[in-house]
Chemist: 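Let me give you the structure first, and then I'll get to my questions.
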2 protein chains.
Amino acid sequence: MGITKTEIFTDQQNQIATFAKVFGHPARVAILQHLFKINACICGDLVEEIGLAQPTISQHLKELKTLGLIKGAIEGTSICYCIDKDNWTKMKSVMMQFLDQDISKESCC
Amino acid sequence: MGITKTEIFTDQQNQIATFAKVFGHPARVAILQHLFKINACICGDLVEEIGLAQPTISQHLKELKTLGLIKGAIEGTSICYCIDKDNWTKMKSVMMQFLDQDISKESCC
DNA sequence: TATATTCATTGCAATATTACGATGAATAAA
DNA sequence: TTTATTCATCGTAATATTGCAATGAATATA
(Lines give C-alpha, C1' and ligand atoms only; values in the text may rest on other atoms or scores of the structure.)
Protein backbone atom coordinates (compact mmCIF):
# COMPACT_ATOMS: atom_id res chain seq x y z
CA MET A 1 0.00 0.00 0.00
CA GLY A 2 2.80 2.43 0.49
CA ILE A 3 3.64 2.99 4.12
CA THR A 4 1.89 5.83 5.91
CA LYS A 5 4.56 8.22 7.17
CA THR A 6 3.31 8.46 10.74
CA GLU A 7 6.59 9.98 11.89
CA ILE A 8 5.95 13.29 10.10
CA PHE A 9 2.68 13.88 11.97
CA THR A 10 1.97 14.84 15.55
CA ASP A 11 0.86 12.28 18.13
CA GLN A 12 -2.51 13.97 18.22
CA GLN A 13 -2.95 13.72 14.45
CA ASN A 14 -1.97 10.04 14.46
CA GLN A 15 -4.30 9.36 17.36
CA ILE A 16 -7.25 11.00 15.64
CA ALA A 17 -6.51 9.00 12.47
CA THR A 18 -6.26 5.75 14.44
CA PHE A 19 -9.62 6.26 16.14
CA ALA A 20 -11.27 7.43 12.92
CA LYS A 21 -9.92 4.42 11.04
CA VAL A 22 -11.64 1.99 13.38
CA PHE A 23 -14.94 3.83 12.80
CA GLY A 24 -14.28 3.69 9.07
CA HIS A 25 -16.14 0.43 8.59
CA PRO A 26 -19.92 0.15 8.91
CA ALA A 27 -19.67 -3.25 10.61
CA ARG A 28 -17.72 -1.73 13.51
CA VAL A 29 -20.15 1.19 13.69
CA ALA A 30 -23.02 -1.30 13.83
CA ILE A 31 -21.28 -3.40 16.50
CA LEU A 32 -20.71 -0.34 18.71
CA GLN A 33 -24.27 0.91 18.26
CA HIS A 34 -25.59 -2.52 19.19
CA LEU A 35 -23.40 -2.69 22.27
CA PHE A 36 -24.68 0.74 23.34
CA LYS A 37 -28.26 -0.30 22.76
CA ILE A 38 -28.13 -3.74 24.40
CA ASN A 39 -25.43 -2.72 26.89
CA ALA A 40 -23.74 -6.12 26.61
CA CYS A 41 -23.63 -8.77 23.99
CA ILE A 42 -22.02 -12.06 23.03
CA CYS A 43 -20.34 -12.67 19.69
CA GLY A 44 -23.03 -15.04 18.43
CA ASP A 45 -25.72 -12.39 18.90
CA LEU A 46 -23.69 -9.94 16.83
CA VAL A 47 -23.22 -12.51 14.06
CA GLU A 48 -26.99 -12.85 13.87
CA GLU A 49 -27.67 -9.13 14.30
CA ILE A 50 -25.12 -7.87 11.76
CA GLY A 51 -25.24 -10.63 9.17
CA LEU A 52 -21.54 -11.31 8.63
CA ALA A 53 -19.70 -14.58 9.26
CA GLN A 54 -18.45 -15.33 12.76
CA PRO A 55 -14.73 -15.02 11.93
CA THR A 56 -15.39 -11.62 10.39
CA ILE A 57 -17.26 -10.32 13.43
CA SER A 58 -14.58 -11.78 15.68
CA GLN A 59 -11.93 -9.88 13.75
CA HIS A 60 -13.81 -6.58 14.02
CA LEU A 61 -14.29 -7.18 17.76
CA LYS A 62 -10.55 -7.76 18.06
CA GLU A 63 -9.78 -4.40 16.45
CA LEU A 64 -12.18 -2.62 18.77
CA LYS A 65 -10.68 -4.40 21.76
CA THR A 66 -7.11 -3.63 20.67
CA LEU A 67 -7.97 0.07 20.63
CA GLY A 68 -9.57 -0.34 24.05
CA LEU A 69 -13.04 0.83 23.05
CA ILE A 70 -14.66 -2.42 24.17
CA LYS A 71 -13.82 -5.10 26.70
CA GLY A 72 -14.90 -8.70 27.11
CA ALA A 73 -15.76 -10.81 30.14
CA ILE A 74 -15.87 -14.57 30.06
CA GLU A 75 -19.35 -15.84 30.93
CA GLY A 76 -19.57 -19.61 30.83
CA THR A 77 -18.91 -20.72 27.27
CA SER A 78 -19.49 -17.25 25.87
CA ILE A 79 -17.67 -13.95 26.11
CA CYS A 80 -19.72 -10.92 27.03
CA TYR A 81 -18.64 -7.71 25.34
CA CYS A 82 -19.41 -4.16 26.36
CA ILE A 83 -18.22 -0.60 25.81
CA ASP A 84 -15.18 0.46 27.86
CA LYS A 85 -16.68 3.66 29.17
CA ASP A 86 -13.49 5.29 30.42
CA ASN A 87 -11.70 4.82 27.12
CA TRP A 88 -14.77 5.79 25.12
CA THR A 89 -14.92 9.06 27.02
CA LYS A 90 -11.24 9.74 26.40
CA MET A 91 -11.61 8.97 22.68
CA LYS A 92 -14.70 11.18 22.49
CA SER A 93 -12.78 14.07 23.95
CA VAL A 94 -10.01 13.78 21.35
CA MET A 95 -12.45 13.45 18.44
CA MET A 96 -14.73 16.25 19.64
CA GLN A 97 -11.79 18.62 19.84
CA PHE A 98 -10.97 17.87 16.23
CA LEU A 99 -14.55 18.10 14.95
CA ASP A 100 -15.34 21.22 16.92
CA GLN A 101 -12.63 23.49 15.52
CA ASP A 102 -13.42 27.17 15.23
CA ILE A 103 -15.51 27.65 12.13
CA SER A 104 -16.47 31.26 12.77
CA LYS A 105 -13.94 33.02 10.54
CA GLU A 106 -14.81 34.18 7.06
CA SER A 107 -14.02 31.70 4.30
CA CYS A 108 -11.92 32.72 1.32
CA CYS A 109 -14.36 31.16 -1.14
CA MET B 1 -9.68 -6.65 -0.22
CA GLY B 2 -12.95 -8.42 -0.01
CA ILE B 3 -15.85 -6.14 -0.76
CA THR B 4 -17.47 -4.35 2.16
CA LYS B 5 -21.14 -5.36 2.26
CA THR B 6 -22.58 -1.85 2.51
CA GLU B 7 -26.05 -3.13 1.61
CA ILE B 8 -26.52 -4.88 4.95
CA PHE B 9 -25.99 -1.65 6.92
CA THR B 10 -28.18 1.40 7.40
CA ASP B 11 -27.54 4.63 5.48
CA GLN B 12 -26.54 6.27 8.75
CA GLN B 13 -23.99 3.56 9.54
CA ASN B 14 -22.49 3.80 6.05
CA GLN B 15 -22.39 7.58 6.28
CA ILE B 16 -20.57 7.54 9.61
CA ALA B 17 -18.08 5.03 8.21
CA THR B 18 -17.50 7.14 5.09
CA PHE B 19 -16.77 10.29 7.09
CA ALA B 20 -14.61 8.41 9.58
CA LYS B 21 -12.64 6.78 6.79
CA VAL B 22 -11.57 10.14 5.38
CA PHE B 23 -10.32 11.13 8.84
CA GLY B 24 -8.50 7.81 9.07
CA HIS B 25 -5.28 9.17 7.63
CA PRO B 26 -3.06 11.63 9.53
CA ALA B 27 -2.26 13.57 6.34
CA ARG B 28 -5.93 14.45 5.87
CA VAL B 29 -6.26 15.34 9.54
CA ALA B 30 -3.22 17.62 9.19
CA ILE B 31 -4.59 19.22 6.01
CA LEU B 32 -7.90 19.98 7.67
CA GLN B 33 -6.26 21.36 10.81
CA HIS B 34 -4.06 23.61 8.68
CA LEU B 35 -7.05 24.85 6.67
CA PHE B 36 -8.84 25.68 9.92
CA LYS B 37 -5.78 27.46 11.29
CA ILE B 38 -4.85 29.45 8.18
CA ASN B 39 -8.46 29.68 7.01
CA ALA B 40 -7.38 29.19 3.37
CA CYS B 41 -4.43 27.59 1.69
CA ILE B 42 -2.97 26.67 -1.69
CA CYS B 43 -1.68 23.21 -2.52
CA GLY B 44 1.99 24.24 -2.59
CA ASP B 45 1.79 25.55 0.96
CA LEU B 46 0.36 22.25 2.15
CA VAL B 47 3.13 20.31 0.38
CA GLU B 48 5.65 22.35 2.32
CA GLU B 49 3.70 22.27 5.58
CA ILE B 50 2.93 18.55 5.59
CA GLY B 51 6.04 17.15 3.95
CA LEU B 52 4.55 14.76 1.41
CA ALA B 53 4.97 14.92 -2.38
CA GLN B 54 2.67 17.18 -4.36
CA PRO B 55 0.73 14.37 -6.10
CA THR B 56 0.09 12.75 -2.73
CA ILE B 57 -1.27 15.96 -1.20
CA SER B 58 -3.32 16.55 -4.34
CA GLN B 59 -4.90 13.12 -3.97
CA HIS B 60 -5.81 13.69 -0.32
CA LEU B 61 -7.31 17.07 -1.26
CA LYS B 62 -9.38 15.33 -3.92
CA GLU B 63 -10.81 12.89 -1.39
CA LEU B 64 -11.71 15.70 0.97
CA LYS B 65 -13.33 17.63 -1.90
CA THR B 66 -15.26 14.57 -3.11
CA LEU B 67 -16.82 14.24 0.33
CA GLY B 68 -17.61 17.96 0.28
CA LEU B 69 -15.62 18.86 3.38
CA ILE B 70 -13.45 21.38 1.51
CA LYS B 71 -13.89 23.49 -1.59
CA GLY B 72 -11.41 25.21 -3.91
CA ALA B 73 -11.46 28.57 -5.65
CA ILE B 74 -9.19 29.40 -8.58
CA GLU B 75 -6.93 32.30 -7.73
CA GLY B 76 -4.61 33.15 -10.60
CA THR B 77 -2.30 30.19 -11.14
CA SER B 78 -3.17 28.70 -7.76
CA ILE B 79 -6.23 27.12 -6.27
CA CYS B 80 -7.27 28.34 -2.86
CA TYR B 81 -8.76 25.67 -0.61
CA CYS B 82 -10.92 26.16 2.44
CA ILE B 83 -13.32 24.29 4.70
CA ASP B 84 -16.89 24.00 3.39
CA LYS B 85 -18.56 25.20 6.55
CA ASP B 86 -22.11 24.05 5.77
CA ASN B 87 -21.02 20.51 4.99
CA TRP B 88 -18.59 20.45 7.92
CA THR B 89 -21.45 21.37 10.26
CA LYS B 90 -23.66 18.64 8.81
CA MET B 91 -20.88 16.06 9.12
CA LYS B 92 -20.18 17.17 12.67
CA SER B 93 -23.80 16.64 13.62
CA VAL B 94 -23.78 13.05 12.30
CA MET B 95 -20.50 12.19 13.99
CA MET B 96 -21.39 13.83 17.30
CA GLN B 97 -24.62 11.83 17.48
CA PHE B 98 -22.59 8.64 17.09
CA LEU B 99 -19.88 9.61 19.58
CA ASP B 100 -22.30 10.94 22.14
CA GLN B 101 -24.39 7.82 22.70
CA ASP B 102 -25.81 7.21 26.13
CA ILE B 103 -23.09 5.83 28.31
CA SER B 104 -24.88 6.06 31.63
CA LYS B 105 -26.13 2.47 32.01
CA GLU B 106 -24.30 -0.08 34.07
CA SER B 107 -21.78 -2.19 32.18
CA CYS B 108 -21.83 -5.96 32.34
CA CYS B 109 -18.12 -6.20 33.00
C1' DT C 1 6.59 32.95 -28.45
C1' DA C 2 9.24 30.55 -24.91
C1' DT C 3 9.72 29.50 -20.17
C1' DA C 4 8.25 29.06 -15.45
C1' DT C 5 4.87 28.04 -12.06
C1' DT C 6 1.06 25.58 -10.09
C1' DC C 7 -1.91 21.94 -9.61
C1' DA C 8 -4.38 17.63 -11.54
C1' DT C 9 -4.13 13.08 -13.55
C1' DT C 10 -2.16 8.69 -14.82
C1' DG C 11 0.21 4.58 -13.86
C1' DC C 12 2.80 1.76 -10.97
C1' DA C 13 4.89 -0.72 -6.83
C1' DA C 14 4.34 -1.75 -2.19
C1' DT C 15 1.36 -2.76 1.43
C1' DA C 16 -3.07 -2.91 4.15
C1' DT C 17 -7.88 -4.38 4.64
C1' DT C 18 -12.05 -7.25 4.20
C1' DA C 19 -14.27 -11.51 4.38
C1' DC C 20 -14.54 -16.29 4.93
C1' DG C 21 -13.48 -21.34 5.41
C1' DA C 22 -10.85 -24.34 8.14
C1' DT C 23 -9.03 -25.33 12.32
C1' DG C 24 -7.91 -24.87 17.28
C1' DA C 25 -8.93 -24.17 22.26
C1' DA C 26 -11.90 -24.17 26.03
C1' DT C 27 -15.90 -25.23 28.57
C1' DA C 28 -20.54 -27.44 29.20
C1' DA C 29 -23.56 -31.23 28.79
C1' DA C 30 -24.72 -36.12 27.77
C1' DT D 1 -15.19 -39.87 27.70
C1' DT D 2 -17.67 -38.12 23.87
C1' DT D 3 -20.18 -34.51 21.73
C1' DA D 4 -21.83 -29.85 21.23
C1' DT D 5 -21.24 -25.00 21.65
C1' DT D 6 -18.78 -20.75 21.45
C1' DC D 7 -15.27 -17.90 20.16
C1' DA D 8 -10.28 -17.02 18.51
C1' DT D 9 -6.68 -17.67 15.13
C1' DC D 10 -4.62 -18.94 10.70
C1' DG D 11 -4.40 -18.86 5.88
C1' DT D 12 -5.94 -17.18 1.61
C1' DA D 13 -8.31 -14.67 -2.24
C1' DA D 14 -10.02 -10.46 -3.67
C1' DT D 15 -9.69 -5.69 -3.48
C1' DA D 16 -8.51 -0.99 -1.65
C1' DT D 17 -5.07 2.43 -0.18
C1' DT D 18 -0.69 5.01 0.05
C1' DG D 19 2.91 7.35 -2.09
C1' DC D 20 5.56 8.90 -5.87
C1' DA D 21 7.53 9.81 -10.63
C1' DA D 22 6.13 11.20 -14.95
C1' DT D 23 3.20 13.76 -17.54
C1' DG D 24 -0.56 16.98 -18.80
C1' DA D 25 -3.22 21.38 -18.63
C1' DA D 26 -3.62 26.06 -17.62
C1' DT D 27 -2.11 30.57 -16.62
C1' DA D 28 1.56 34.06 -15.73
C1' DT D 29 5.86 36.23 -16.99
C1' DA D 30 10.01 37.34 -19.76
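A note on names: the letters A, B, ... follow the listed sequences, proteins ahead of strands, and every chain is numbered from 1.
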Chemist: Phe19(A) vs Trp88(A), test: ring-ring contact (aromatic ring centres under 6.0 Å, His included). Steps then yes/no.
Modeler: CA-CA 10 Å; Phe19(A) 282 131; Trp88(A) 184 270; 9.1 Å; no
Chemist: Start at the 5' end of DNA chain C and walk down; is the nucleotide closest to Pro55(A) or to Gly76(A) reached first?
Modeler: Pro55(A)
Chemist: What do the steps show when you test Phe23(B) against Phe23(A) for ring-ring contact (aromatic ring centres under 6.0 Å, His included), and what is the final call?
Modeler: CA-CA 10 Å; Phe23(B) 298 142; Phe23(A) 298 143; over 10 Å; no
Chemist: Test of understanding: with side-chain contact (heavy atoms from CB on, under 4.5 Å), list the residues that count as partners of Lys21(B), not counting sequence neighbours.
Modeler: none
Chemist: Can you pull out every side-chain hydrogen bond (donor to acceptor under 3.5 Å, both in side chains) where at least one residue sits in residues 41-55 of chain A? Sequence neighbours excluded, please.
Modeler: none
Chemist: Rounding to an integer number of Å, can you tell me how far Ile57(A) CD1 sits from dC20(C) P?
Modeler: 9 Å
Chemist: Rounded to the Å, how far apart are His60(A) NE2 and dT9(D) P?
Modeler: 15 Å
Chemist: Describe the nucleic acid contact of Thr56(B) in one word from base, sugar-phosphate, nothing, applying a heavy-atom distance below 4.0 Å.
Modeler: base
Chemist: Taking only heavy atoms on the protein side, list every residue of residues 17-32 of chain B lying under 4.0 Å from any atom of DNA chain D, sorted numerically.
Modeler: Lys21(B), His25(B), Arg28(B)
Chemist: Measure the distance from CD on Glu63(B) to P on dG19(D) and round it to the nearest whole Å.
Modeler: 10 Å
Chemist: Output all residues satisfying side chain to side chain donor-acceptor pair (under 3.5 Å) with Thr10(A), sequence neighbours left out; order by chain, then residue number.
Modeler: Gln13(A)
Chemist: Anything under 3.5 Å between a protein N or O and an N or O of nucleotides 3-7 of chain C, put it in a table, one pair a line.
Modeler:
| from | atom 1 | to | atom 2 | distance (Å) |
| --- | --- | --- | --- | --- |
| dC7(C) | OP1 | Cys43(B) | N | 3.2 |
| dC7(C) | OP2 | Gly44(B) | N | 2.8 |

Chemist: Taking CD from Glu75(A) and P from dA28(C), how many angstroms apart are they, rounded to a whole number?
Modeler: 12 Å
Chemist: Is any side-chain nitrogen or oxygen of Lys62(A) closer than 4.0 Å to OP1 or OP2 of dC10(D)?
Modeler: no
Chemist: Could you check how far CG of Leu52(A) sits from C1' of dG21(C), rounded to whole Å?
Modeler: 15 Å
Chemist: Would you mind reading off the distance between Gln59(A) atom CD and dA22(C) atom P, rounded to a whole angstrom?
Modeler: 17 Å
Chemist: For Ala27(B), which residues count as a side-chain contact (heavy atoms from CB on, under 4.5 Å) partner, sequence neighbours excluded?
Modeler: Phe9(A), His25(B), Leu52(B), His60(B)
Chemist: Identify, with sequence neighbours excluded, every residue that meets side chain to side chain donor-acceptor pair (under 3.5 Å) alongside Asp11(A).
Modeler: none
Chemist: In this structure, how many angstroms lie between the C1' atom of dT15(C) and the NZ atom of Lys5(A), rounded?
Modeler: 15 Å
Chemist: Tell me every residue that passes side chain to side chain donor-acceptor pair (under 3.5 Å) with Gln12(A), counting only those two or more places apart in sequence or in another chain.
Modeler: Gln33(B)
Chemist: Under the salt bridge (charged side-chain N to carboxylate O under 4.0 Å, His left out) definition, can you give me all pairs with a residue in residues 54-65 of chain A, not counting sequence neighbours?
Modeler: Arg28(A)-Glu63(A)
